[in-house]
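Have a look at the structure below, then the notes.
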Amino acid sequence: MNRVILLMVLLLSSGIVSAQDSVWVPDKNERWFGVFGSFVKVTSDFRSDEGESAGAAKNGFGGGLMFYSPLRHSPTMSVGFEARLTMNPIGNSPLEDILENVEVKGTYTNVWLLGGIILDINNALSVKGLAGVVMADFPEIEQDNGFGKFKIDIATESVFGYGVGGTIWIAPSSFIDVTYLVCEPGFEIQYNSSTPNSKTVKVGHDESMVAISLGFAF
């Protein structure tokens, strides 16, 4: 977590310095739309492969879009919406030690639908807070029942999620966005569903990550 905060501070600090050289930014009196691609770095227990709340996730990628409009009568504040996709592969999941004859593979795939408020610090730097709904999908699980492998279906979980971050305008119509995202989904896994001894295992953990994005505004 400390490394995440340090990374965000360093990036935002560099934006304050570069802000002295005016670059193109959206007109503060007009709406603007942005698209971006992201490198998604996992943090905390989400990247750990030990413990009940471990996610064993690896760094991944993502992308999305954002739309913001200036708040009425405010020269420095805007409100808007962000839709983000994050995809993080799974490594050595602790579930393979808890459940018998299973293999966990694939990716954590999250769709983040977040409302946000942006506060402009100066001409090229802004900070923001986000909150909304996350549709979280667990990686694929296969079980070997002795006669062959079959997939275990896991329903997508819709949960509350939030984020904090900042945006630095680096060139005409271009920006770097750094956003820390958090949600806490809980997945129900129907285990041994092909036998009379079927049981349900509840898996819950924090999913936290830093999305470092390069984007373009219109």
Side-chain angles (χ1 to χ4, degrees), residues 1-18 34-66 82-95 104-114 116 118 121 124-140 156-157 159-171 174-187 203-217:
M1 181 64 182
N2 290 336
R3 292 181 179 179
V4 172
I5 295 174
L6 178 60
L7 174 63
M8 294 178 69
V9 169
L10 289 174
L11 286 172
L12 294 178
S13 297
S14 66
I16 294 175
V17 174
S18 64
V35 294
F36 57 88
S38 309
F39 166 72
V40 182
K41 179 176 176 57
V42 292
T43 65
S44 193
D45 286 341
F46 192 35
R47 69 179 179 184
S48 176
D49 58 5
E50 297 181 356
E52 293 183 359
S53 59
K58 297 181 179 180
N59 297 335
F61 60 92
L65 55 87
M66 57 179 67
E82 298 191 9
R84 292 173 172 266
L85 172 69
T86 58
M87 302 180 69
N88 295 94
I90 192 168
N92 298 319
S93 173
L95 276 179
V104 185
K105 58 185 180 180
T107 62
Y108 292 96
T109 303
N110 288 356
V111 176
W112 306 74
L113 304 175
L114 308 174
I118 282 185
I121 303 301
L125 173 67
S126 60
V127 294
K128 65 181 175 181
L130 303 164
V133 176
V134 184
M135 291 178 285
D137 194 20
F138 198 81
E140 180 181 293
T156 299
E157 180 80 354
V159 295
F160 171 76
Y162 65 91
V164 293
T167 304
I168 303 166
W169 296 91
I170 57 174
S174 303
F175 60 88
I176 292 175
D177 183 89
V178 182
T179 302
Y180 179 60
L181 299 164
V182 180
C183 67
E184 189 177 356
F187 301 98
V203 179
H205 53 256
D206 292 336
E207 296 189 8
S208 59
M209 62 201 75
V210 177
I212 305 171
S213 309
L214 176 62
F216 302 92

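Within a 6.0 Å sphere centred on CZ of F61, heavy atoms belonging to other residues, nucleotides or ligands number 12 at most.
Looking at T86 and S38, their side chains never come closer than 4.5 Å, going by heavy atoms from C-beta outward. The shortest distance between side-chain heavy atoms of N110 and M87 does not fall below 4.5 Å. Using a 4.5 Å heavy-atom cutoff, the side chains of V182 and V164 are not in contact. At a threshold of 4.5 Å between non-hydrogen side-chain atoms, the residues F175 and M66 count as touching. Between H205 and D45 there is no side-chain heavy-atom pair separated by less than 4.5 Å.
To the nearest 0.5 Å, atoms CZ (R47) and CG (N59) are separated by 8.5 Å. To the nearest 0.5 Å, atom OG1 of residue T167 and atom CG of residue D177 are 4.0 Å apart. Interatomic distance, F36 CZ to I212 CD1, rounded to the nearest 0.5 Å: 13.0 Å.
When every heavy atom of W112 is checked against every heavy atom of G161, the shortest pair comes out as CZ3-CA, 4.5 Å. For A211 against L181, the heavy-atom pair with the smallest separation is CB-CD1, 4.3 Å. When all heavy atoms are compared, the tightest approach of I90 to Y108 is CD1-OH, 3.7 Å. Across all their heavy atoms, E184 and V159 have their closest contact at O-CG1, 4.1 Å.
With sequence neighbours excluded, the residues forming a side chain to side chain contact (heavy atoms under 4.5 Å, CB included) with E140 are K105, E142, K151, listed by chain and number. Remark: E157 engages no residue in a side-chain hydrogen bond (donor to acceptor under 3.5 Å, both in side chains) (not counting sequence neighbours). Scanning for side-chain hydrogen bond (donor to acceptor under 3.5 Å, both in side chains) contacts around S93 gives an empty result, with sequence neighbours left out. Under the side-chain hydrogen bond (donor to acceptor under 3.5 Å, both in side chains) criterion, S208 pairs with T43, not counting sequence neighbours. Residues passing the side-chain hydrogen bond (donor to acceptor under 3.5 Å, both in side chains) test with N88, sequence neighbours excluded: none.
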Steps toward side-chain contact (heavy atoms from CB on, under 4.5 Å) verdict (L113, E82): CA-CA 6 Å; L113 304 175; E82 298 191 9; over 6 Å; no
Derivation of the side-chain contact (heavy atoms from CB on, under 4.5 Å) call for V210 and V178: CA-CA 7 Å; V210 177; V178 182; 3.9 Å; yes
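With no hydrogens or angles considered, no side-chain donor-acceptor pair links W169 and S174 at under 3.5 Å.
S48 places a side-chain N or O within 3.5 Å of a backbone atom of E50 that can act as its donor or acceptor partner.
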Show me, pair by pair, the donor-acceptor contacts under 3.5 angstrom made by side chains of residues 129-139, not counting sequence neighbours?
none

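Ionic pairing of K58 and D49 is not present here: no N-O contact between side-chain nitrogen and carboxylate oxygen is shorter than 4.0 angstrom.
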